[in-house]
Amino acid sequence: MPVPINNDQDTQQSNDHSTYTEAFPELEHFRIQNIPPAAYYIPDFITKEEEEYLIRKVEESPQPKWRKVGTGRRLQYWGGTMSKKGILLPEPLPDFLTSFPNITERIESFLRVASSVKGKEKMGINQVLVNEYQSGQGISPHEDGPAFHPLVATLSLGSHTILDLHHYINPTSPSPPMVSMPSEDDEGEGGKTIAAITLAHLLLLPRSLLILSSSLYTSHLHSISSREKDVIISNPPISPPQDEQESKIEGVQIANTELIGDSDIIDKLRTEGKWIGERGTRISLTFRRAEKVLKGGALGALGGALRR
Ligand SMILES: O=C(O)CCC(=O)C(=O)O
Ligand SMILES: [Fe+2]
């Protein structure tokens with residue numbers, strides 16, 4: 001690819017979702033089936049050159065831009081940080097996200113369709129969260145929370161990973177085993193009791209875009225296990241040769257196999273029944289819109305503080 005951008009059909013759009021998906025069959029094509037609504041996985045959303053450029057820009061960022069969380073993962077916030085009350089203290093997004101390679105606009109085109117935003121209106125991405133994971137690092141189960149519009153897009157760079165989706169315990173069904181996640185960092189993640197049952201695993205390859213929306217955003221959790229390698233098994237599993245029967249294959253089945261678009265992985269799953277991927281350093285960029293933005297930007301906050 002990269003995936004074509006829709007621009008000339010905007011005027012025809014109504015607020016009816018079916019009209020949108022007809023006008024943009026490519027989006028419906030990328031929807032991950034058999035999980036709650038809605039997740040879209042778009043392979044090769046950017047080119048290798050764009051990926052290398054973005055990795056370089058992120059890695060070149062000045063030291064003060066980085067924050068380290070408890071488990072060693074590093075973060076950057078572009079577009080401003082959130083106040084304790086969930087209000088964005090805005091700053092302009094940097095050129096490498098808006099001008100070249102103009103990733104934000106490309107993502108806006110997709111999100112506009114996914115969210116059924118009317119006409120030429122944009123979702124209005126105003127914050128980009130960067131996560132850098134070394135091999136063996138992950139992120140504990142969490143929600144991204146109500147301060148953001150329930151539609152986020154995550155671009156993966158550098159290495160694959162597996163994102164796990166979880167659901168909360170349904171109070172009307174028998175209680176499954178529970179785990180309590182320790183609080184990990186200042187992102188507000190962790191500290192919640194979740195069902196120990198994972199809903200789905202998604203393989204995220206470098207250069208892919210994952211969109212999470214609706215109930216997957218508002219009432220589910222997501223996490224990445226701290227692992228150095230991932231084992232994926234085919235669905236349905238291929239029975240291992242007789243001499244391997246004893247050693248049970250450990251691994252996960254993924255919900256987005258049909259959309260992976262990587263022939264090596266698909267071949268391995270078909271012929272050997274599993275694919276093993278060593279994780280390298282992965283950078284993810286999560287594009288989102290904080291609903292409440294402080295007027296006048298961060299300088300406004302300073303002015304407010306001075307006036308008090
Ligand atoms: O790295 C990812 O794909 C997910 C990051 C994430 O969930 C977060 O920072 O809230
Ligand atoms: Fe998250």
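Residue numbers count from 1 along this sequence. Atoms within a ligand are numbered from 1 in the order they appear, just like the ligands themselves.
- Remark: ligand 1 atoms within the under-4.0 Å shell around heavy atoms of Ile139 are 6 (C), 8 (C), 9 (O).
- Between Tyr133 and the options Ser284, Ser226, Ser159, a side-chain contact (heavy atoms from CB on, under 4.5 Å) holds for only Ser284.
- Inter-residue side-chain proximity for Phe96 and Val58 is flagged as met; some heavy-atom pair is nearer than 4.5 Å.
- Contacts between Asp144 and ligand 1, counted as non-hydrogen atom pairs separated by less than 4.0 Å, involve the side chain only.
- In Leu210, neither the side chain nor the backbone holds a heavy atom less than 4.0 Å from any atom of ligand 1.
- For the pair His142 and ligand 1, the shortest N or O to N or O distance falls below 3.5 Å.
- The proximity of Thr161 to ligand 1, defined as any non-hydrogen pair under 4.0 Å, does not occur for either the backbone or the side chain.
- When each atom of ligand 1 is checked for a heavy atom of Leu129 under 4.0 Å away, the hits are 8 (C), 9 (O).
- Residue Tyr133 has at least one nitrogen or oxygen atom sitting less than 3.5 Å from a nitrogen or oxygen atom of ligand 1, judged on distance alone.
- Near Ser284, meaning under 4.0 Å from any of its heavy atoms, are these atoms of ligand 1: 1 (O), 2 (C), 3 (O).
- Ring-centre distance between Tyr53 and Phe100: below the 6.0 Å cut-off.
- Around atom CD of Glu59, more than 12 heavy atoms belonging to other residues, nucleotides or ligands sit under 6.0 Å away.
- Screening Leu203, Leu205, Leu163 for a side-chain contact (heavy atoms from CB on, under 4.5 Å) involving Tyr41 leaves a single residue, Leu205.
- If you put the vertex on the Fe ion (ligand 2), NE2 of His222 and NE2 of His142 sit 90° apart, to the nearest 10°.
- In this structure, the side chains of Glu132 and Trp66 come closer than 4.5 Å at one or more pairs of heavy atoms.
- A ring-centre distance under 6.0 Å is found for His222 and His142.
- Taking the side chain as every heavy atom from C-beta outward, Leu54 and Leu155 approach each other to under 4.5 Å.
- Annotation for ligand 1: atoms under 4.0 Å from non-hydrogen atoms of Thr154 are 3 (O).
- Note on Asp144: its N/O/S atom closest to the Fe ion (ligand 2) is OD1.
- At least one N/O-N/O distance between His222 and ligand 1 falls below 3.5 Å.
- Annotation: Arg282 places an N or O atom under 3.5 Å from an N or O atom of ligand 1; distance criterion only.
- The 12-atom threshold is exceeded at NZ of Lys65, counting heavy atoms of other residues, nucleotides or ligands nearer than 6.0 Å.
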